[in-house]
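Everything below concerns the one structure shown next.
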Amino acid sequence: MSRYNFLVVVLFLPGWFQMPVAVAQSLTDCSSCMTVLIKEGQIKEASLDELQLLSNEIFARKGHRFGKEKIAGYFKDKSWYQPAKSNAAVRFSNIEQQNIEFLKKRIKVLEQNRAALMAALKKFKMLVLTTQKAGVYGYTPGWKEDLDYLSKTLNKLDFEAVNWYKHKGIYEVTVDDGLALQEYKLYIEKEKISIKMARTGGSPLIKDFSLIDEKSVSEFSYQWIFEFTNGSFRFLKLVDI
């Protein structure tokens, strides 16, 4: 009986086969931070709030007592939280210390980015209101009233009172001028910034006044879109409805 040897040739064409790529899972809690070093990929998309919470959790898992009532109340409800008699008695392992420093550095970067973004916004506001000229950070008015509307909106926005949660920031105020309701809003999400002015209808004060011109209370909105990337602030577009 003859024997045959077969040579099997397997061809791998581009796109047919791809080695799996390891993707770091996002860190949602610090239950493992006592024994495992945090990797950069695990916190790459984490917000400032999330990073601060992770850092506080490392302290909480060692029994640290928090002075801020909000933070203390959050960890008080955790089944694993056992407050120490004194914070002086709290000790961290080498891995925990490295994780604390790693989170601290990342928190500092995000704080600096947020501060730079807000500084650019404040400078833009100052330049528009004081110079009343086009060309500021690439902003060019679409028509004559554009700059007037933007100036009015910036005057109503308090950049010191922005409320933040995760990657989002917001400040909003509604003004009733006795004729119509005007909404002024700053909205930030990651690198995108929106400054909005909108008339949302007539004032309740004159709802039964029949001689009001409909045009003076008709709804409309203007939205100026900006971007802040790599430390650079620039105007993108105006959206009007």
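Along the sequence shown, residues carry numbers from 1. Excluded from the calculations below are hydrogen atoms, water molecules and symmetry mates; all remaining heavy atoms, backbone and side chain alike, are included.
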Only one of F124, Y187, Y137, Y139 clears ring-ring contact (aromatic ring centres under 6.0 Å, His included) with F226; which? F124
Please confirm whether the backbone N or O of L181 pairs with a side-chain atom of D176, one donor and one acceptor, at under 3.5 Å? no
Step by step, would you call K122 with E160 a salt bridge (Lys or Arg N to Asp or Glu O under 4.0 Å)? CA-CA 9 Å; K122 292 172 184 176; E160 299 293 343; 2.7 Å; yes
Any donor-acceptor pair under 3.5 Å linking the side-chain atoms of Q98 with those of N94? yes
Roughly how far, to the nearest 0.5 Å, is OG of S151 from CD of E145? 12.5 Å
Is there a path of hydrophobic side-chain contacts, each under 4.5 Å between heavy atoms of I/L/V/M/F/W/Y residues, joining I170 to V175? no
Common cluster, L129/M118, ILVMFWY with side-chain heavy-atom separation under 4.5 Å: yes
For the backbone of L51 and the side chain of S55, can you confirm whether one donor and one acceptor N or O come within less than 3.5 Å of each other? no
Report yes if the side chains of D146 and Y222 come closer than 4.5 Å at any heavy-atom pair, otherwise no. no
Indicate yes or no: at least one non-hydrogen side-chain atom of I193 is less than 4.5 angstrom from one of F233. yes
Should we count NZ of K62 as having more than 12 external heavy atoms under 6.0 Å? yes
Euclidean distance, L54 CG relative to D49 CG, rounded to 0.5 Å: 11.0 Å
Those residues that, when tested against E227, pass salt bridge (charged side-chain N to carboxylate O under 4.0 Å, His left out) (two or more places apart): K192, R234
Please answer whether the main-chain N or O of S93 pairs with a side-chain N or O of E96 as donor and acceptor at a distance below 3.5 Å. yes
Assess K125 against F159: is NZ or CZ under 6.0 Å from the centre of the six-membered ring, and within 45 degrees of the ring's axis? yes
With a 4.5 Å cut-off on side-chain heavy atoms, are T140 and F235 touching? no
Assess whether side chain to side chain contact (heavy atoms under 4.5 Å, CB included) is satisfied between R106 and V109, documenting all intermediate values. CA-CA 5 Å; R106 181 58 181 166; V109 168; 3.9 Å; yes
Identified ring-ring contact (aromatic ring centres under 6.0 Å, His included) counterpart of F59 within the set Y81, F66, F92: F92
Does the side chain of E183 come within less than 4.5 Å of M197's, by heavy atoms? no
Is the shortest side-chain heavy-atom distance between K237 and W224 below 4.5 Å? no
In sequence, state the C-alpha distance, the side-chain angles, and the governing distance for L53 and Y74, and then conclude on side chain to side chain contact (heavy atoms under 4.5 Å, CB included). CA-CA 10 Å; L53 187 60; Y74 175 81; 3.6 Å; yes
N99 (side chain) donor-acceptor with I38 (main chain) under 3.5 angstrom: yes
Donor-acceptor pair, side chain of Q42 and main chain of K39, under 3.5 angstrom: yes
Would a 4.5 Å heavy-atom cut-off, applied to side chains only, mark K190 and F228 as touching? no
Is it true that S194 and Q223 share a donor-acceptor pair across their side chains at a distance under 3.5 Å? yes
OH-CG distance between Y171 and L186, expressed to the nearest 0.5 angstrom: 10.0 Å
Short side-chain to backbone donor-acceptor contact, R61 and M34, under 3.5 Å: no
Hey, quick one: are I58 and I71 part of the same hydrophobic cluster, counting side-chain heavy atoms closer than 4.5 Å, chains of contacts allowed? yes
Indicate yes or no: at least one non-hydrogen side-chain atom of Q182 is less than 4.5 angstrom from one of T174. no
Common cluster, F102/V36, ILVMFWY with side-chain heavy-atom separation under 4.5 Å: no
For the hydrophobic clusters of this structure (ILVMFWY residues joined by side-chain heavy atoms under 4.5 Å, transitively), does one cluster hold both L127 and L238? yes
Under the 3.5 angstrom rule, does the side chain of E57 hit a backbone N or O of C30 as a donor-acceptor pair? yes
Counting N and O atoms only, with roles assigned by atom type, does the side chain of H167 sit under 3.5 Å from a partner on the main chain of E45, one being a donor and the other an acceptor? yes
Identify the two heavy atoms, one from L27 and one from C33, that lie closest to each other, and give their separation to 0.1 Å. CD2-SG, 4.2 Å
Nearest-0.5 Å distance that lies between atom CG in D29 and atom CH2 in W80: 8.5 Å
Please walk me through it: do V173 and D158 pass side chain to side chain contact (heavy atoms under 4.5 Å, CB included)? CA-CA 9 Å; V173 60; D158 183 357; over 6 Å; no
Check whether any side-chain N or O of N113 sits under 3.5 Å from a backbone N or O of N230 as a donor-acceptor pair, and report yes or no. no
To the nearest 0.5 Å, tell me how far S26 OG sits from I43 CD1. 10.5 Å
Are E50 and S47 linked by a side-chain donor-acceptor pair shorter than 3.5 Å? yes
pair F75-N56: side-chain heavy atoms closer than 4.5 Å: yes
Hey, is K108 close enough to E111 for a salt bridge, meaning N to O under 4.0 Å? no
Spacing of K196 atom NZ and I225 atom CD1 [to the nearest 0.5 Å]: 9.5 Å
When you look at I107 and L48, which way does the side chain to side chain contact (heavy atoms under 4.5 Å, CB included) test go after all the steps? CA-CA 6 Å; I107 286 171; L48 186 56; 3.6 Å; yes
